[in-house]
2 protein chains.
Amino acid sequence: MNQSLEPWMEELLHAEASGDKMTEKQSRIFEAAIEVFAEKGYSGSSTSEIAQRAGVAEGTIFRHYKTKKELLLSIVAPTMVRLISPFVLREFRDVFKTDYESVDQFLRAIIENRIEFLEKNQSLLKILIQELPFQPELRAQLEKVIFPQLKQRVGKVIAKFKSEGRMIDLPTPTIMRLAVSAIMGYVAIRSFYGTREGAVWDDAKERQATIDFIMKGLAP
Amino acid sequence: MNQSLEPWMEELLHAEASGDKMTEKQSRIFEAAIEVFAEKGYSGSSTSEIAQRAGVAEGTIFRHYKTKKELLLSIVAPTMVRLISPFVLREFRDVFKTDYESVDQFLRAIIENRIEFLEKNQSLLKILIQELPFQPELRAQLEKVIFPQLKQRVGKVIAKFKSEGRMIDLPTPTIMRLAVSAIMGYVAIRSFYGTREGAVWDDAKERQATIDFIMKGLAP
DNA sequence: CCACCAAGTGAGTGATTACTCACATTCATT
DNA sequence: AATGAATGTGAGTAATCACTCACTTGGTGG
């Protein structure tokens, strides 16, 4: 399953798994980097500004991260894992035993959950999406680790739904793509409008419409 | 309608409208810039590389564009206009007269048309999406010109569909968001996989599934 | 109390950046 | 052919870049 992760990836995952051994200054750097990267993009950010905003000397950054890119990856790679973490949890496999009242109920719950996650981590998501096209390591992780795991775990649940005739008969990746893109569109527009004064944006209704849209589109 | 465009925008639109008065070298710069920006991102690109790839001296770039950012905007601002141009065409308003057999037929046609456009202009789209969060001028144009025009033009057609009970009763922007995000998801994944050797991607089927998904989701 | 090492510093490094400018070339108009 | 403007050039500039390194600080184990 772990199909020989590359060393840098092992380290990153391990670093995250093994709790926060971070110095206070290091975590200040970490947070500041998230801020600046999200604000100006990776290429548009300078290590000097990150240091400044973290309240540390520029050299301190390189004490903890060999390069600027390593700092980026240490932020973004774990995010991809966290993004799919609910699907890897045991509870998720229990869908087989627990017979949900409706597909709706189950799907709604998980969609709401992921929307919540995305909104609480808007900066991380922004950085991830921005850098995905430019960082081959990230694309590799997505393709070799994230996609397969998603396909395997979620695939089983979707297969069950399909076999019960409660969901449209399409390939699992296609179904996921359609659902995910609707959610991403919702999140994207929401962040475009930000939280504004004269906002003509009824969030509850928009979210409901999005979920309904997905459900109706994926109905058999 | 034109609600007082800012000068730079006027110029850009005018420059495009008034045909190609470009020098050969200028258009070489223009094309090279599209290449490099799409490849490395705006901040990650250097004017020296653009000049090199265009086969001109670096100074030539600044003869035609005051700054690097102006070069970017000259590429990307017209793209936004072209993106919605079909909806501004006269034919589009004729939907009222011409009674389409089905909403399906009409929507399918226009969705296919825009997918085609996006695929033929992948680089431009990539640059646009990448820079939208960082260029206030672009966001302003989107908000003040693109969105309103879309809402007005497309709104009428959608209103007609809704009144005929052939489409779900949701706000126009919501309907557009749902349709557009599904299309963007399709385009994004397609470009992620690129055109590869062992591609497990049946394009025709994916496209069909996407369109069906939109139609079903927007059905009344 | 010493010795040791990781954590932290900030001045310094060469490379690269967007942009300028004095000058050369080409073009259009008379 | 002459002239003025538009186009093109590339060496030059100050600023900024990611990163290094000799050094200081602070905490921990013996």
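Keep in mind that this is a model prediction, so the values were computed, not measured. Below, chains carry the letters A, B, ... as their sequence lines are ordered, and counting in each starts from 1.
Following rounding to the nearest Å, B:Ile61 (CD1) and C:dC21 (P) show an atom-to-atom distance of 18 Å. One atom, CZ of B:Arg63, and another, C1' of C:dA22, lie 10 Å apart when rounded to the nearest Å. For the pair B:Leu72 CG and C:dA18 C1', the interatomic distance rounds to 14 Å; values are reported in whole Å. The nearest whole Å value for the distance from the CD atom in B:Glu24 to the C1' atom in C:dT26 is 14 Å. For the pair A:Arg28 CZ and C:dG8 C1', the computed distance is 13 Å after rounding to whole Å. Distance B:Phe62 CZ to C:dA18 P: 7 Å, rounded to the nearest Å.
Residues B:Arg207 and B:Tyr186 bring a donor and an acceptor atom of their side chains to less than 3.5 Å of each other. Checked by atom type, the side-chain pair B:Glu35/B:Ser123 shows no donor-acceptor distance below 3.5 Å.
Between B:Glu143 and B:Arg139 no salt bridge is recorded (no basic side-chain N to carboxylate O distance below 4.0 Å). Between B:Arg190 and B:Glu119 there is a salt bridge, with a side-chain nitrogen of the basic residue lying less than 4.0 Å from a carboxylate oxygen of the acidic one. Ion pair A:Glu131/A:Lys69 not flagged as a salt bridge, since none of the NZ, NE, NH1 or NH2 atoms sits closer than 4.0 Å to an Asp/Glu carboxylate oxygen.
Taking the six-membered ring where tryptophan is involved, the planes of A:Tyr193 and A:Trp201 are tilted, since the angle between them lies from 30° to 60°. The aromatic rings of A:Phe213 and B:Phe213 stand perpendicular to each other, their planes meeting at an angle above 60°, with 30° marking the opposite boundary.
Taking the side chain as every heavy atom from C-beta outward, A:Ser85 and A:Val88 never approach each other to under 4.5 Å. At a threshold of 4.5 Å between non-hydrogen side-chain atoms, the residues A:Arg82 and A:Phe117 count as touching. A 4.5 Å side-chain heavy-atom check between A:Leu124 and A:Leu83 finds every atom pair outside the cut-off.
Note on A:Glu58: a base of the nucleic acid sits closer than 4.0 angstrom, heavy atoms only. Backbone-only engagement by B:Thr23 is indicated by non-hydrogen atom pairs under 4.0 Å involving sugar-phosphate atoms exclusively.
Each end of the helix from C:dC1-D:dG30 to C:dT30-D:dA1 gets its own axis from five base pairs, and the two axes differ in direction by 20°, given to 10 degrees.
The nucleotide range of DNA chain D contacted by chain A, defined by atoms under 4.0 angstrom from heavy atoms of the protein and reported 5' to 3', is D:dC17 to D:dA22.
Using a 4.0 Å cutoff on non-hydrogen atoms, no part of residues 33-53 of chain B comes near DNA chain D.
Considering CD of B:Glu137 and CG of B:Leu72, their distance stands at 9.0 Å, rounded to 0.5 Å.
Note on B:Lys68: a side-chain N or O is less than 4.0 Å away from OP1 or OP2 of C:dA18.
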